[in-house]
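Working notes, beginning with the structure itself.
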Protein chains: 2
Amino acid sequence: MTPEITVLDRLLEVSELFQKDVARAFDGTPLTTARVRVLWDLVAAGPSTQHALAERLEVSARNITGLVDALEAGGYVTRTPHPTDRRAIIVSLAASARQMMQQMQADHAALSADLLGAVAPADRDALVRGIEAIAGRLRELVAAEGEASPRP
Amino acid sequence: MTPEITVLDRLLEVSELFQKDVARAFDGTPLTTARVRVLWDLVAAGPSTQHALAERLEVSARNITGLVDALEAGGYVTRTPHPTDRRAIIVSLAASARQMMQQMQADHAALSADLLGAVAPADRDALVRGIEAIAGRLRELVAAEGEASPRP
DNA sequence: CATATTAGTGATGATAGTACATTGTTACCT
DNA sequence: AGGTAACAATGTACTATCATCACTAATATG
């Protein structure tokens, strides 16, 4: 019943509801969490080799091959040869996928505005600062944990 | 750059970090997201028939059989006959699992306190109210969506 | 030329989910 | 009662995803 527990519980609930919402958005498409991760990475990092994807997403190259296979089959990404390294392949977002991701971001912005609208105006600034602080602290903690037990 | 986008982005980041943290906690155990969902449900609802579990978690009864099989093999739950209905089976948390879940809740509480400690004291009340409001609004939205397209 | 790198293949395994059929049990209805 | 329908759990079978390792083919690099 302490406010501390309530805060975390609410955050967890929010996180769960988000997840459910995202999952529902991709219902009926061949998109899954792992595949969307690839798409987001491409949005953030731009066209990349599969090796680069594997490193950033921290999965095996073999796994990336499979994920890109599925995304390519669905028309979400294209494979083009690397201009100078003939071993490598560049994975790029297809135009439609880029549009979809933009739409998704727009939806997120709309949802964000909606959610913020539910907050009392006087509380908004403090809320934003507070979430920022929590995110920062959490980032710190995760980073520290990662250091404590580095991957072998 | 608008604050609205920032809020949602931070919330998503927080939710992702949480997920990562939880996943890491279960590394090396046979526990997975789906199985832990069962455990949480048992914590919340107490000993239940598999049918009840299936309904609350919204998966097929057959699926529950498999999840409970794995949890039982790992010693997390026990199956006992239903006292009056000989068709049914009661799934209960094993003592060790109950303890583990309590520990997890304690860890959550500690983490919550830590995170709240990172927030400026003057912002805390507003933050709590704000998150509460956001969670409420989000719950509303998800419920409305569920109504709009009821399962067939 | 020797070695490291990039991608792809094949094989394998664990998980999560489904549908369908089966078995035993309960509940209801005549 | 007795018959029938609904129900709980499970066996079988299947699909899809995500992940790994081991290996091959091409290409870069020093």
Side-chain angles (χ1 to χ4, degrees), chain A residues 19-20 22-24 26-42 45 47-74 76-92 151-152, chain B residues 19-20 22-24 26-42 45 47-74 76-92 151-152:
Chain A
Q19 264 179 268
K20 198 178 276 190
V22 169
R24 175 144 38 188
F26 293 129
D27 225 44
T29 76
L31 293 177
T32 63
T33 309
R35 291 171 190 170
V36 171
R37 270 185 79 208
V38 174
L39 293 183
W40 277 119
D41 190 86
L42 288 174
S48 310
T49 64
Q50 296 193 171
H51 191 76
L53 283 170
E55 288 220 321
R56 286 197 300 263
L57 300 181
E58 301 190 355
V59 297
S60 67
R62 178 68 183 90
N63 196 0
I64 290 291
T65 298
L67 294 173
V68 172
D69 281 352
L71 289 171
E72 194 182 24
Y76 295 97
V77 303
T78 58
R79 280 178 162 116
T80 53
H82 190 287
T84 67
D85 188 338
R86 287 198 294 178
R87 294 169 302 182
I89 282 180
I90 301 286
V91 181
S92 316
R151 61 188 56 258
Chain B
Q19 263 180 268
K20 198 179 274 187
V22 169
R24 175 144 39 188
F26 292 129
D27 226 43
T29 75
L31 294 177
T32 62
T33 309
R35 292 170 189 169
V36 171
R37 271 185 79 210
V38 173
L39 293 182
W40 276 120
D41 190 87
L42 288 174
S48 310
T49 64
Q50 298 191 172
H51 192 77
L53 283 170
E55 287 219 323
R56 287 196 299 262
L57 300 181
E58 301 192 353
V59 296
S60 66
R62 184 60 187 89
N63 194 3
I64 291 291
T65 298
L67 294 173
V68 171
D69 281 352
L71 289 171
E72 193 182 26
Y76 296 96
V77 304
T78 58
R79 279 178 161 117
T80 52
H82 190 286
T84 66
D85 188 339
R86 286 196 295 178
R87 294 169 302 180
I89 283 180
I90 301 287
V91 182
S92 314
R151 60 187 57 258

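Because the structure is predicted, anything quoted here is derived from the model rather than measured. Chain identifiers are assigned alphabetically (A, B, ...) following the order of the sequence lines, protein sequences preceding nucleic acid strands; residue numbering begins at 1 within each chain.
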Q: Output the residues of residues 27-37 of chain B in contact with DNA chain C, where contact means a heavy atom of the residue under 4.0 Å from an atom of the strand; sort by number or write none.
A: Thr32(B), Ala34(B), Arg35(B)
**Q.** Upstream residue (5' side of DNA chain D) when Asp69(B) and Asp85(A) are each assigned their closest nucleotide
**A.** Asp69(B)
Q. Quick one: how far along DNA chain D does chain A reach, first to last nucleotide 5' to 3', anything under 4.0 Å to a heavy atom?
A. dT17(D) to dA28(D)
**Q.** Any side-chain heavy-atom pair of Pro30(B) and Arg35(B) under 4.5 Å
**A.** yes
Q | Student check: side-chain heavy atoms of Leu57(A) and Leu67(A) closer than 4.5 Å | A | no
Q.
Rounding to 10°, can you tell me the angle the first-five-pair axis of the helix from dC1(C)-dG30(D) to dT30(C)-dA1(D) makes with its last-five-pair axis?
A. 10°
(Q) Reading DNA chain C from 5' onward, which residue's closest nucleotide shows up sooner: Arg86(B) or Ile90(A)? (A) Ile90(A)
**Q.** Thr49(A) side chain reached by Ile89(A) side chain, heavy atoms, under 4.5 Å
**A.** no
Q. Excluding sequence neighbours, so at least two apart, what forms side-chain contact (heavy atoms from CB on, under 4.5 Å) with Arg87(B)?
A. Asp85(B)
Q) Measuring from His82(A):NE2 to Thr84(A):OG1, what's the distance to the nearest 0.5 Å? A) 4.5 Å
Q. Is there side-chain contact between Leu42(A) and Ser48(A), with at least one heavy-atom pair below 4.5 Å?
A. yes
Q) Val91(B) versus Thr80(B): any side-chain heavy-atom pair under 4.5 Å? A) no
Q) Any salt bridge between Arg79(A) and Asp69(A), counting N to O under 4.0 Å? A) yes
Q) When rounded to the nearest 0.5 angstrom, what distance separates CG in Leu53(B) from CZ in Arg37(B)? A) 10.5 Å
Q: Identify the 5'-most and 3'-most nucleotides of DNA chain C with at least one atom closer than 4.0 Å to a non-hydrogen atom of chain B.
A: dT15(C) to dT26(C)
Q.
Using side-chain heavy atoms (C-beta onward) and a distance below 4.5 Å, is Thr78(B) in contact with Glu72(B)?
A. no
Q) Any side-chain heavy-atom pair from Thr33(A) and Phe26(A) closer than 4.5 angstrom? A) no
Q) Do Val38(B) and Tyr76(B) have side chains that get closer than 4.5 Å, going by heavy atoms? A) no
Q) What residues form a salt bridge (Lys or Arg N to Asp or Glu O under 4.0 Å) with Arg62(A), not counting sequence neighbours? A) none
Q) When we call it a touch if two heavy atoms are under 4.0 Å apart, what does Ile64(A) touch: a base, just sugar-phosphate, or nothing? A) nothing
